[in-house]
Amino acid sequence: MHALRFLGTTSEEGDCPTLYEVEGTDQILVQGDRVTAPEQLAELRHVKEHETFVTVPRDLLARFAPRTEPREMIPFAEAAHLFREFRHTAWRLETRRGYATDRRSEKWARWQGGEDITADPPSAWHENVSAAVAEGRRFERVRVVDSPLTEGQRFLLATRAANTAAGEDIRILARSEADRLDLPDSDFWLFDSRILARFVFDDEDTTLGVVLSEDPAEIAAACQARDAAWHHAILSP
């Protein structure tokens, strides 16, 4: 007989909703209220004589269901294929006040010198966006911005025209509103509501890499953040 390992509970004052892992197996034991309503039992499919059925709060599964093993951080370049292979939507949350890659680019130097950078020819990024949009796929992002805008945010605003011309839908959200909505304070891409690419930065705003995840709880949280941010964001001027 395999032992049980307690995973978690939403029990209050002796209520029963609890999850256990059956050690040494891939089985999960669910403790909840037995289903006895005849009309519900009649709707169940392929019931075996030895089976029984319980109900538990959705929150129990969201909080304590076993997750996939966390992945190691990888270079951003190793996730680049996702921008070509996604099927429906690539969605980005930008939360930082600036990015080291922007500050180190030659376009940044030209922008600081007063040059009009909106007429630059399309980059490989823009070409990929255009090709995806032509196929009916979507590139969307919400940028969290401060008041007043930081230098890094003003630069992104100046480069927005090329991105939108390629087909991106870019919207902005005030940081005060993002805080009110309790949005994550970290950047990520979400592909097809299925794969999460979370950025890792150092204290100088340099991208160290990304961590990919298909963990159901993490994906659900990212989808909730996306829906809230998209609902409250406005089109960038």
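Sequence positions, counted from 1, serve as the residue numbers for this chain.
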Inset, instruction - Indicate, with yes or no, if Val56 and Leu7 share a hydrophobic cluster defined by side-chain heavy-atom contacts under 4.5 Å among Ile, Leu, Val, Met, Phe, Trp and Tyr. - result: yes

Legend entry - Verify same cluster id: Ile74, Phe86 (apolar side-chain graph, 4.5 Å): yes

Hey, is [atom1] on [X] packed in by over 12 heavy atoms from elsewhere, all under 6.0 Å?
{"X": "Glu39", "atom1": "CD", "answer": "yes"}
{"X": "Asp185", "atom1": "CG", "answer": "no"}
{"X": "Arg180", "atom1": "CZ", "answer": "yes"}
{"X": "His50", "atom1": "NE2", "answer": "yes"}

Inset, instruction - Begin from the C-alpha positions of Arg104 and Asp102 and carry the test salt bridge (charged side-chain N to carboxylate O under 4.0 Å, His left out) through to its verdict. - result: CA-CA 5 Å; Arg104 295 168 184 162; Asp102 291 338; over 6 Å; no

Inset, instruction - Could you pull out all residues at least two apart from Arg175 that satisfy salt bridge (charged side-chain N to carboxylate O under 4.0 Å, His left out)? - result: Asp146

Legend entry - Partners passing salt bridge (charged side-chain N to carboxylate O under 4.0 Å, His left out) against Glu135 (at least two apart in sequence or in another chain): Arg137

Legend entry - Salt-bridge present (Glu94, Arg141; N to O < 4.0 Å): yes

Legend entry - Arg92 bridged to Asp187 by N-O distance under 4.0 Å: yes

Inset, instruction - Evaluate the side chain to side chain contact (heavy atoms under 4.5 Å, CB included) criterion for residues Asp33 and Val54: first the C-alpha distance (whole Å), next the side-chain angles of each, then the deciding distance (0.1 Å), finally the verdict. - result: CA-CA 5 Å; Asp33 292 322; Val54 299; 5.9 Å; no

Inset, instruction - Go through the steps for Val145 and Leu173 under the test side chain to side chain contact (heavy atoms under 4.5 Å, CB included), then give the verdict. - result: CA-CA 6 Å; Val145 297; Leu173 183 69; over 6 Å; no

Rounded to the nearest 0.5 Å, what's the gap from [atom1] on [X] to [atom2] on [Y]? Could you check?
{"X": "Ile170", "Y": "Asn163", "atom1": "CD1", "atom2": "CG", "value": "4.5 Å"}
{"X": "Glu218", "Y": "Ile195", "atom1": "CD", "atom2": "CD1", "value": "13.0 Å"}
{"X": "Leu149", "Y": "Leu156", "atom1": "CG", "atom2": "CG", "value": "10.0 Å"}
{"X": "Ile172", "Y": "Leu157", "atom1": "CD1", "atom2": "CG", "value": "7.5 Å"}
{"X": "Thr18", "Y": "Leu4", "atom1": "OG1", "atom2": "CG", "value": "11.0 Å"}
{"X": "Leu29", "Y": "Phe6", "atom1": "CG", "atom2": "CZ", "value": "12.5 Å"}

Legend entry - Steps toward side chain to side chain contact (heavy atoms under 4.5 Å, CB included) verdict (Leu19, Val30): CA-CA 5 Å; Leu19 288 183; Val30 181; 3.7 Å; yes

Got a donor-acceptor contact below 3.5 angstrom from the [X] side chain to the [Y] backbone?
{"X": "His231", "Y": "Ala228", "result": "no"}
{"X": "Gln40", "Y": "Ala37", "result": "no"}
{"X": "Thr25", "Y": "Gln27", "result": "yes"}

Please report the closest heavy-atom contact between [X] and [Y], naming both atoms and the distance.
{"X": "Glu214", "Y": "Ile219", "value": "C-CG1, 4.0 Å"}
{"X": "Val210", "Y": "Pro75", "value": "CG2-O, 4.4 Å"}
{"X": "Ala225", "Y": "Pro184", "value": "CB-CD, 3.6 Å"}
{"X": "Ala79", "Y": "Leu212", "value": "CB-CD2, 4.2 Å"}
{"X": "Leu196", "Y": "Ala222", "value": "CD1-CB, 3.8 Å"}
{"X": "Val35", "Y": "Leu41", "value": "O-CD2, 3.8 Å"}

Ignoring hydrogens and geometry beyond distance, is a side-chain donor-acceptor pair present between [X] and [Y] at under 3.5 Å?
{"X": "Arg226", "Y": "Ser193", "value": "yes"}
{"X": "Gln112", "Y": "Glu151", "value": "yes"}
{"X": "Ser213", "Y": "Asp215", "value": "no"}

Pairs under 3.5 angstrom only: tabulate donor-acceptor contacts from the side chains of residues 198-205 to other protein residues two or more places apart or in another chain.
unit_1, atom_1, unit_2, atom_2, d
Asp202, OD1, Glu204, N, 2.8
Asp202, OD1, Asp205, N, 3.2
Asp202, OD1, Thr206, N, 2.9
Asp205, OD1, Arg96, NE, 3.2
Asp205, OD1, Arg96, NH2, 2.7
Asp205, OD2, Arg103, NH1, 3.3
Asp205, OD2, Arg103, NH2, 3.2

Legend entry - Phe83 side chain near Asn128 side chain, heavy-atom distance below 4.5 Å: yes

Inset, instruction - State, yes or no, whether a side-chain contact exists between Leu93 and Trp189 at a heavy-atom distance under 4.5 Å. - result: no

Inset, instruction - Under the side chain to side chain donor-acceptor pair (under 3.5 Å) rule, collect the residues that match up with His88, sequence neighbours excluded. - result: none

Legend entry - Ring centres under 6.0 angstrom apart (Phe139, Trp125): yes

Legend entry - Pairs meeting criterion ring pair (Phe, Tyr, Trp, His ring centres under 6.0 Å) with involvement of residues 160-188, two or more places apart: Trp91-Phe188

Legend entry - Within residues 143-174 or reaching into it, pairs that qualify as ring pair (Phe, Tyr, Trp, His ring centres under 6.0 Å) - sequence neighbours excluded: Trp108-Phe155, Trp111-Phe155

Inset, instruction - For Asp120 and Arg110, run salt bridge (charged side-chain N to carboxylate O under 4.0 Å, His left out): C-alpha distance rounded to whole Å, both residues' side-chain angles, the deciding distance at 0.1 Å, then the answer. - result: CA-CA 11 Å; Asp120 285 3; Arg110 291 193 288 116; 2.6 Å; yes

Legend entry - side chain to side chain contact (heavy atoms under 4.5 Å, CB included) between Thr159 and Thr118, worked out: CA-CA 6 Å; Thr159 61; Thr118 61; over 6 Å; no

